[in-house]
There are 2 protein chains.
Amino acid sequence: MLSQKGRYALHALLVLAAQKNGEPMMIADIAEKARVPRKFLEQILLELRKRGILRSQRGRQGGYMLGRSAKEISFADIIRVTDGPLALSPCVSVTAYQRCEDCEDEATCAIRKALLAARDATAAVLETQTLAGASSTPRRTRRGA
Amino acid sequence: MLSQKGRYALHALLVLAAQKNGEPMMIADIAEKARVPRKFLEQILLELRKRGILRSQRGRQGGYMLGRSAKEISFADIIRVTDGPLALSPCVSVTAYQRCEDCEDEATCAIRKALLAARDATAAVLETQTLAGASSTPRRTRRGA
DNA sequence: TTAATCTCTATTGACTCGATAGAGATTATA
DNA sequence: TATAATCTCTATCGAGTCAATAGAGATTAA
């Protein structure tokens, strides 16, 4: 399950993705449109910015905008920031790989095999789904698979 | 990420799946072979039993055995017991569905679409991988697909 | 100069996680 | 029938995480 933070982040980013090009949007506005507690959202946006998913402008007339084009921000990118690796075990994580301490042989570990297949399947989907594809589509009914 | 409980459960069940037919195995033995703290394992096995994945025999000569054939116990079954639904959001969970309180329309929610695709992909893999497929195969090369 | 913003860090309460403990119930067997 | 060997159940603990709130600091447009 995603954390609340993760859900908030997805909502906020979709709001930002729907914003007219480049225009920064204030935290307060994002909070209202995405229905996220404002102070909590501040922390989330800050983290997303540090990870390059958002850019910000400080001071008057400031606000947040996407750090790169919407089609280059995948759900996987976002979820990894808010909820950590997609993988079910560190030994199959691409972004946070870590060997299991007492694993005898990674190559033959049955658990690892299964979890690796699961990770690959999940990542394949979430890396394909981007803010561009998801944002309130200018397309017709996009009943995408 | 899986919880420690989930990892322990997988290890323990693989140990049980490798056991000669029907023979009950004592908690203490499973704990040793699976390298799991014994008292913690007790709780895990108890839960797996309540969910039908294991059967037990009490008293002397007692122990645990698989609740059904190894090929009918999938990784998904196990993980759902120890770590909850595979889905990233209740609104796309098959086993624990729950509507998002403030979701305007499930049919068009972009987030839901993405998370549903992710869930389906993950479930497809984890429901296919079973204890039979994973346990130290009596097959020849054990380099199983 | 000042008001409007984002930035950073701390704090709080509730909850979960991993683990340990121990008394209770059941059963094979001597 | 007595007993030892098992599983069963519930409570407890400390550490950590999660969701949320708070407030002082830094930056910038006007």
Side-chain angles (χ1 to χ4, degrees), chain A residues 1-12 16 19 23-32 34-67 79 81-85 88-90 100-102, chain B residues 1-12 16 19 23-32 34-67 79 81-85 88-90 100-102:
Chain A
M1 290 281 170
L2 283 185
S3 64
Q4 186 70 307
K5 179 155 79 166
R7 276 188 291 276
Y8 286 161
L10 290 176
H11 281 287
L16 273 169
Q19 179 75 341
E23 301 251 325
M25 192 171 183
M26 292 189 304
I27 294 178
D29 289 349
I30 304 171
E32 188 183 355
R35 298 215 200 96
V36 179
R38 187 215 153 106
K39 290 299 281 182
F40 194 16
L41 182 62
E42 283 186 11
Q43 294 178 87
I44 297 169
L45 297 180
L46 200 55
E47 218 171 324
L48 289 166
R49 194 211 51 167
K50 285 179 179 166
R51 295 283 222 96
I53 290 175
L54 291 178
R55 277 184 306 133
S56 67
Q57 180 164 344
R58 302 175 72 168
R60 252 197 181 184
Q61 300 289 85
Y64 275 99
M65 44 221 140
L66 298 185
I79 291 172
V81 170
T82 59
D83 291 78
L88 289 172
S89 166
C100 298
E101 326 80 41
D102 63 351
Chain B
M1 290 280 170
L2 283 186
S3 63
Q4 186 71 308
K5 178 155 79 167
R7 276 187 292 273
Y8 285 161
L10 291 176
H11 281 287
L16 273 170
Q19 180 74 342
E23 301 250 326
M25 190 171 184
M26 292 189 307
I27 294 177
D29 289 350
I30 303 170
E32 188 182 356
R35 299 214 201 97
V36 179
R38 188 216 154 106
K39 291 299 280 182
F40 195 16
L41 182 62
E42 284 186 10
Q43 294 179 87
I44 296 169
L45 297 180
L46 200 55
E47 218 171 324
L48 289 166
R49 194 210 52 166
K50 286 179 178 165
R51 296 285 221 95
I53 290 175
L54 291 178
R55 278 184 306 132
S56 67
Q57 180 164 345
R58 302 176 71 168
R60 251 198 183 186
Q61 299 288 85
Y64 275 98
M65 46 221 138
L66 298 186
I79 291 172
V81 170
T82 58
D83 291 77
L88 289 172
S89 166
C100 299
E101 325 81 40
D102 63 350

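Note on naming: letters A, B, ... go to the chains in the order of the sequence lines (proteins, then strands), and numbering restarts at 1 for each one.
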Testing D:dA19, C:dC8, C:dC6 for proximity to the side chain of A:Ser3, the answer is D:dA19

Separation of D:dC7 atom P from B:Met65 atom CE, nearest Å, is 10 Å

Query raised in the report: Taking only N and O in the side chain of B:Ser56, is any of them less than 4.0 Å away from OP1 or OP2 of D:dT8?
Result: yes

Validation row: B:Pro24, B:Gln61 side chains within 4.5 angstrom (heavy atoms): no

Value for CD1 (B:Ile53) from CG (B:Leu16), rounded to nearest 0.5 Å, stands at 11.5 Å

*Can you check whether B:Tyr8 has a side-chain N or O nearer than 4.0 Å to OP1 or OP2 of C:dA19?*
yes

Test log, rule side chain to side chain contact (heavy atoms under 4.5 Å, CB included), inputs B:Thr82 and B:Glu47:
CA-CA 8 Å; B:Thr82 58; B:Glu47 218 171 324; over 6 Å; no

Separation between CE (A:Met25) and CG (A:Leu45), nearest 0.5 Å, reads 10.5 Å

Taken to the nearest whole Å, NZ/B:Lys5 to P/C:dT20 is 15 Å

When rounded to whole Å, the CD to P distance for the pair A:Gln4 and D:dT21 reads 11 Å

With the side chain defined as heavy atoms from C-beta on, B:Gln43 is closest, among C:dT7, C:dG18, D:dT10, to D:dT10

Closest to the side chain of A:Arg38, out of C:dT20, D:dC7, C:dC6, is C:dC6

From CG of B:Leu46 across to P of C:dG18 the rounded distance in Å is 17 Å

Side-chain atoms of A:Lys39 come closest, of D:dA11, D:dA22, D:dA20, to D:dA22

One should read off an interatomic distance between A:Leu2 CG and A:Arg7 CZ, to the nearest 0.5 angstrom, of 6.5 Å

Rounded to whole Å, the CD-P distance (B:Glu47 to C:dC17) equals 10 Å

When rounded to whole Å, the CE to C1' distance for the pair B:Met25 and D:dT6 reads 15 Å

Quick check on D:dC9: is either OP1 or OP2 less than 4.0 Å from any side-chain nitrogen or oxygen of B:Lys50? yes

Can a side chain N or O of A:Arg49 be found less than 4.0 Å away from OP1 or OP2 on C:dC8? yes

Going 5' to 3' through nucleotides 25-30 of chain D and flagging B where a protein heavy-atom sits under 4.0 Å of the base, S where only the sugar-phosphate is that close, and - otherwise, we get BBBBBS

From CZ of A:Phe40 across to P of C:dT12 the rounded distance in Å is 18 Å

Atom CE of B:Met26 and atom P of C:dA28 are separated, to the nearest Å, by 15 Å

Check your understanding: Just wondering, more than 12 heavy atoms not from A:Gln57 lying within 6.0 Å of its CD?
Key -> yes

In this structure, CG of A:Asp83 is separated from CD of A:Gln4 (nearest 0.5 Å) by 10.5 Å

